[in-house]
Amino acid sequence: MEDLVFQLIDACGLPPARLEGEDPVDIDPLAHPGHRPGDDSPYGSALEKAVLNLPRDGHLVLECAADEQCYAQVWHRPDGTYQLEYRDLAPAEHYLTRTVSAEKVVAALQGWTAGGAGRRDAFRWESIGSWFADS
């Protein structure tokens with residue numbers, strides 16, 4: 001029964017609870033004040049399913065309900081790799097990475113929906129904000 005409860009919580013996309021006595025400094029900060037995924041964004045197992053079922057050359061965009069300049073997206077490239085991007089409020093804060101791991105993409109996007117900054121730790125990100133500023 002307990003496993004079903006945790007599966008339900010995961011499916012809803014709720015962030016993990018803070019343990020009693022846990023130091024708030026160790027908790028990932030929100031992407032920005034008021035960050036929350038848009039109502040159309042998949043959560044939990046629905047997000048995992050959306051990424052795992054992306055066809056080659058397909059993409060998924062998660063938008064922030066608080067600010068249209070904040071989003072995360074993944075493109076399942078024709079070569080089978082994943083291109084993951086996120087943008088935090090400004091064109092200069094736009095980053096890209098690539099991976100062959102769908103599981104790492106799922107984890108990063110689930111972290112983004114929860115608003116934690118730790119989602120970035122599993123990748124080496126390249127700033128692409130200047131690409132758009134120069135055009």
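All heavy atoms count here, side chains included; hydrogens, waters and symmetry mates do not. Just so we're clear, the structure is a prediction, and the values are computed from it rather than from any experiment.
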Validation row: Leu47, Ser41 side chains within 4.5 angstrom (heavy atoms): no
Residues in side-chain hydrogen bond (donor to acceptor under 3.5 Å, both in side chains) contact with Glu68, at least two apart in sequence or another chain: none
Evaluation steps, side chain to side chain contact (heavy atoms under 4.5 Å, CB included), between Phe123 and Thr99: CA-CA 8 Å; Phe123 299 102; Thr99 183; 3.8 Å; yes
For the student: nearest non-hydrogen atoms of Ala50 and Leu60, plus distance: CB-CD2, 4.1 Å
Gly44 backbone acceptor or donor facing Gln110 side chain under 3.5 Å: yes
Atom pair CD/CG of Gln73 and Leu96 - distance to nearest 0.5 Å: 9.0 Å
Which pairs of donor and acceptor atoms, one on a side chain in residues 76-83, lie under 3.5 Å apart (sequence neighbours left out)?
unit_1: His76; atom_1: ND1; unit_2: Leu54; atom_2: O; d: 3.0
unit_1: His76; atom_1: NE2; unit_2: Gly80; atom_2: O; d: 3.3
unit_1: Arg77; atom_1: NH1; unit_2: Gln83; atom_2: OE1; d: 2.6
unit_1: Asp79; atom_1: OD1; unit_2: Thr81; atom_2: N; d: 3.0
unit_1: Asp79; atom_1: OD1; unit_2: Thr81; atom_2: OG1; d: 2.6
unit_1: Gln83; atom_1: OE1; unit_2: Arg98; atom_2: NE; d: 3.3
unit_1: Gln83; atom_1: OE1; unit_2: Arg98; atom_2: NH2; d: 3.4
unit_1: Gln83; atom_1: NE2; unit_2: Glu85; atom_2: OE2; d: 2.9

Closest heavy-atom pair and its distance - Pro42, Thr113: O-CG2, 4.1 Å
Non-neighbouring partners of Tyr71 that pass side-chain hydrogen bond (donor to acceptor under 3.5 Å, both in side chains), sequence neighbours left out: none
Flag side-chain contact, heavy atom, 4.5 Å: Cys70 against Trp112: yes
Heavy-atom check, side chain of Leu84 versus side chain of Trp125, under 4.5 Å: yes
Pairing residues for Gln69 by the side-chain hydrogen bond (donor to acceptor under 3.5 Å, both in side chains) criterion, not counting sequence neighbours: Arg87
Heavy-atom closest contact (Pro37 atom, Tyr43 atom, distance): CG-OH, 3.4 Å
Nearest-0.5 Å distance that lies between atom OG in Ser127 and atom NE2 in His94: 9.0 Å
Glu63 atom CD, over 12 foreign heavy atoms within 6.0 Å: no
Pairwise side-chain contact, Val74 with Leu109, heavy-atom cut-off 4.5 Å (strictly under): yes
Results of side-chain hydrogen bond (donor to acceptor under 3.5 Å, both in side chains) for Asp57 - residues two or more places apart only: Trp75
Spacing of Thr97 atom OG1 and Arg124 atom CZ [to the nearest 0.5 Å]: 8.0 Å
Set of residues satisfying side chain to side chain contact (heavy atoms under 4.5 Å, CB included) with respect to Lys49, sequence neighbours excluded: Asn53
Euclidean distance, Cys64 SG relative to Asp88 CG, rounded to 0.5 Å: 8.5 Å
